[in-house]
Every structure is written in C-alpha cells, then in structure tokens.
There are 2 protein chains.
Amino acid sequence: MTDLLKQNLTRHAALTPEEIEQFHLLFEPRFVKKKSFFLRAGAVCDSEAFVVQGLFKVYHVDAHGFEQVLYFAMEDWWLTDIDSFVNQRPSELFIEALEDSEILTISKPSKDLAYQRIPALNKLYRVMTEKTHVALQRRMLANLSKTADQRYVDFIEKYPRLAQRLSNVQVAAYLGISHEFLSKIRKKISRH
Amino acid sequence: MTDLLKQNLTRHAALTPEEIEQFHLLFEPRFVKKKSFFLRAGAVCDSEAFVVQGLFKVYHVDAHGFEQVLYFAMEDWWLTDIDSFVNQRPSELFIEALEDSEILTISKPSKDLAYQRIPALNKLYRVMTEKTHVALQRRMLANLSKTADQRYVDFIEKYPRLAQRLSNVQVAAYLGISHEFLSKIRKKISRH
DNA sequence: TTCACTTATTGAACTAGTTCAACCTGCGCC
DNA sequence: GGCGCAGGTTGAACTAGTTCAATAAGTGAA
C-alpha cells in the first residue's frame, strides 16, 4: 500500500532509498468515507495526504453557494491546500471524498521535521510544485481561450478514467459551466 | 541595481549573506527595448530574469491569433516559462517588453550550478513557486465564479499601479474578454 | 415496496459577452 | 504641417452560456 507512495516520491527527484524509507515512515494511513471531508473551509489544513485508493474533489464555494472545482484527486495524487498548510491559516477550500477512500497523511510538524532532516525534500517538492503549476497555467490559458465544448472534449481526452468516475455535475463544476449546459454539449457531441 | 534582487531573494527564505552574494553574482544585466522579446514561442527558454526596471507581458497566442495574458511582470517580479526553462523544451509563450526595461538574467547552466552549490536555493524556489501557485489558484477560482465586471474591479484594486501602466487591450487579454466589452464595463462603472 | 434523493435531459426565456464596423481622439514621425 | 496609426468608445446584431421549471430514470434505505 505504501509502494505507490514510494514510487510517486521517486518519480520527481532522486532521493536515496534511505531518504525515501525515512520520509515514508512519517505517513499514517487513514480511511475517509464517501461524502465526508478531508478539509473544510474555515479550518486550518494541518496535514497533507497522498491518495492510495479512492477519489476526492478539491473545491471552493462562492458567495452564491456555487462550487468551483480546483482539481480532482484519485490514486497517486496529492491532497492539500498549499496556502492553508504552508501558512497555517484558515482554508477557503473543501476537500471531500467522492468514493470510500484510503489515504496516507503527514502532519505539518512531521513535514517540517522532514524538511530539516532530509534537505533533498526541498528539491522534491520544488519540482512537484513546478509541475502542478505548469499544469494549472495550461488550464488557465485554455479557460481564457477555448469554448466550453472544446474544454469538455479536452477534459475527457486528458482524463478518460477520471471522467468515468465523475457525475456530470462534478465535471461541469470543473469546467466552470452549468450542468444543464454540459448536458446540451454532450447531446450535441453524441450526434457526431 | 542588484539591491532589489537581493531584497527579493531575502523575502522568501533565509539565505545567508554569503549565499545571496554568491548567487547574485551569476546574474547578468540586460536591457530590453519596448516591443522586443525576452522569449518567443518555439524557442527554448534558456534563461530566467528578474525585472529591475520596466514592464513585461507573458502571454500565449491561440489558434485564432488571440492573445491570452498569463501575467504581467514589473519591477521586483520574475520572468520565466517554467516548463520550457526546467525541461529545456520549446516554449508556447511570448514574453514581450511593454516599456524599455532593465533585467537581470541567469542562464540555465548557471542556475543548475547554483542549485548544486547552494542547496538552500531549493527551498527558496520551492517557497516562491508555492506562492505563485497559490496566486494562480485564486485567479483560476475567480475566473470560474466571477463576472468580467467583478474581475476588472478586483484587478484594478489588487494591482492599481500596474493597471495605470497598461492599455485596456492588455487588461482585457488578462481578464479574458474583448477590449470592446472592457470599454463598456468601464463606462458602466464610471457612472457609479 | 415505497419514499426520498440524486442524476440527467430538455425547452423557453433570459443575460453576459462577442463581433464587426464606424468614428474619434492624441501622438510620433518625416 | 500633414500623415499614419495605435488606443479607446459606441451601437447593432449575434452567440455562448444561464436560469428556471418540468420530467424521467436510477438508487439506496427502511
């Protein structure tokens, strides 16, 4: 079960086997039932998590009660509100399990300790943050330039397995459109 | 002239004076005239830069020839296409001077060398990337939830000095709306 | 089996934002 | 001094996307 985590850590930067072993011992397993929360707006994000099994939605709720999805996290993804976790300030995000899930969590004190003891972790998280930032930049540009139709097609092409596990309501909240309009897009596309 | 850079470096992580001195020596000054480019799509981003004086636009040009602005960089900001710089692959972005500008550049080999010699830089750039990522997340959520009116008001409140130096065409390309529509928004707002 | 609830679809009326074309500055340049 | 031209405004016609309300199908719990 922690093999997936170890593989993930190895992918981004060259840590020694000892460093990986030492780091992964700081994680604790936890089960999160469908519809319950890893983080709620207003609370401080006091731990980060790696998804071993299951699916989560990371989202914001605006003044009108509408949800905007920042990202979905399934197996091999990370859960965190960087701002809240790093600065230990109240979060503005919700992180909710969409399926019964299994995660590995690391507390803020443990991670701070790890940064001190394993300096190479700074490089690891620098590289990981760079990658997620590049992905978000691409999404930002796509949102500024493409129609909802194109963004929907791009989404199901880029994340086919994820798309299968999501309702259209969830996908619409990610694309930034109403679920009714997504339904109309799907109809149009299905007619070729 | 390099004082601004040193201050900027100090702001994000605790480097020793020696480390800052050693790092800043790797930067070279360069002048970029208005309307000329620091980076063009298709080229590899072989250096990063810190803006000492002037103003730049970092943007993408889509298939229809429309520009989408990723961000503007004035004094005390950084210029880079992270993806192209880190992975040394052709960029999809343009970085163009909107005013006669003065920058400090560091080449890819110099920065790689610096990471080796000054491990604390990994923490510095981890923290800087985290901050820009958080800012982009907020912008993404704002774009998904707010109308163009609200986004325009937010923009001039958040970056009042920057907004003064930009034409409405540039601001519209940042907000993701046509400049004609921005003009109508401005008229509506000016009537209180 | 029934009840409550979530999910998806559809249509009609509406609104936010685009597109195109016209026009009006101000301003640098030869 | 006139010329070209980038920047901003405006209006009219259009399109992308929303909102609201109705309907139907599936699902899980008691």
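All values derive from a computational prediction rather than experimental measurement. Scope of the values below: all heavy atoms of this structure, side chains included, with no hydrogens, waters or symmetry mates.
Protein atom CD1 of I185(A) is 9 Å distant from nucleotide atom C1' of dG17(D), rounded to whole Å. Put simply, CZ on R165(A) is 16 Å from P on dT7(C), counting in whole angstrom units. Rounded to a whole Å, the CD atom of Q68(B) is 15 Å from the C1' atom of dT18(C). Distance, I189(A) CD1 to dA8(C) P: 15 Å, rounded to whole Å. Rounded to an integer number of Å, the gap from NZ of K184(B) to C1' of dC20(C) is 10 Å. The CG atom of L98(A) sits 14 Å away from the P atom of dT6(C) (whole-angstrom rounding). Taking atom NZ on K34(B) and atom P on dC27(C), their separation rounds to 12 Å, with Å as the unit. If you measure from atom CG of L182(B) to atom P of dA16(C), you get 16 Å, rounded to the nearest angstrom.
No donor-acceptor pair under 3.5 Å is formed between the side chain of Q116(A) and the backbone N or O of L113(A). R30(B) contributes no side-chain N or O that, together with a main-chain N or O of I103(B), makes up a donor-acceptor pair within less than 3.5 Å. Side chain of S84(B) to main chain of P90(B): no donor-acceptor pair is present (N/O by atom type, distance under 3.5 Å, no hydrogens or angles). Of the possible donor and acceptor atoms, none in the side chain of N8(A) sits under 3.5 Å from a partner among the backbone N and O of L4(A).
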Polar atoms only, N or O, under 3.5 Å: list the protein pairs with nucleotides 23-26 of chain D and their distances.
none

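Look at R186(B) and you won't find any side-chain N or O under 4.0 angstrom from OP1 or OP2 of dG8(D).
Ring pair F72(A)/F56(A): centre-to-centre distance not below 6.0 Å. Under the 6.0 Å cut-off for aromatic ring centres, F155(B) and Y174(B) qualify, their centroids lying closer than that.
Of the residues in residues 166-181 of chain A, those placing a heavy atom less than 4.0 Å from an atom of DNA chain D are G176(A), I177(A), S178(A), E180(A), F181(A), in numerical order.
The cationic atom of K123(B) (NZ for Lys, CZ for Arg) does not lie both less than 6.0 Å from the six-membered ring centre of Y115(A) and within 45° of the ring axis. Annotation: cation-pi geometry not satisfied between K111(A) and F27(A) (NZ/CZ under 6.0 angstrom from ring centroid, within 45° of ring axis).
Secondary-structure annotation of DNA chain C gives the stems C:1-30 with D:1-30, with a stem taken as at least 3 successive Watson-Crick or G-U pairs whose two distances both fall under 3.5 Å.
Closest to the side chain of K187(A), from the set dT19(C), dG17(D), dG11(C), is dG11(C). Counting only heavy atoms from C-beta on, D149(A) has its side chain closest to dG17(D) among dT10(C), dG17(D), dG17(C). Listed nucleotides: dT19(C), dT9(C), dG17(C). Nearest to the side chain of A148(B): dG17(C).
Residue E67(A) is tested with H60(A), K57(A), Q170(A) for a side-chain hydrogen bond (donor to acceptor under 3.5 Å, both in side chains); the sole match is K57(A). Partner of E99(B) under the side-chain hydrogen bond (donor to acceptor under 3.5 Å, both in side chains) criterion, out of K34(B), R165(B), Q53(B): R165(B) alone.
Using a cutoff of 4.0 Å between basic side-chain nitrogens and carboxylate oxygens, R11(B) and D76(B) are scored as salt-bridged.
Of all the heavy atoms in R151(B) and I177(B), the pair that sits closest is NH2-CG2, 4.2 Å.
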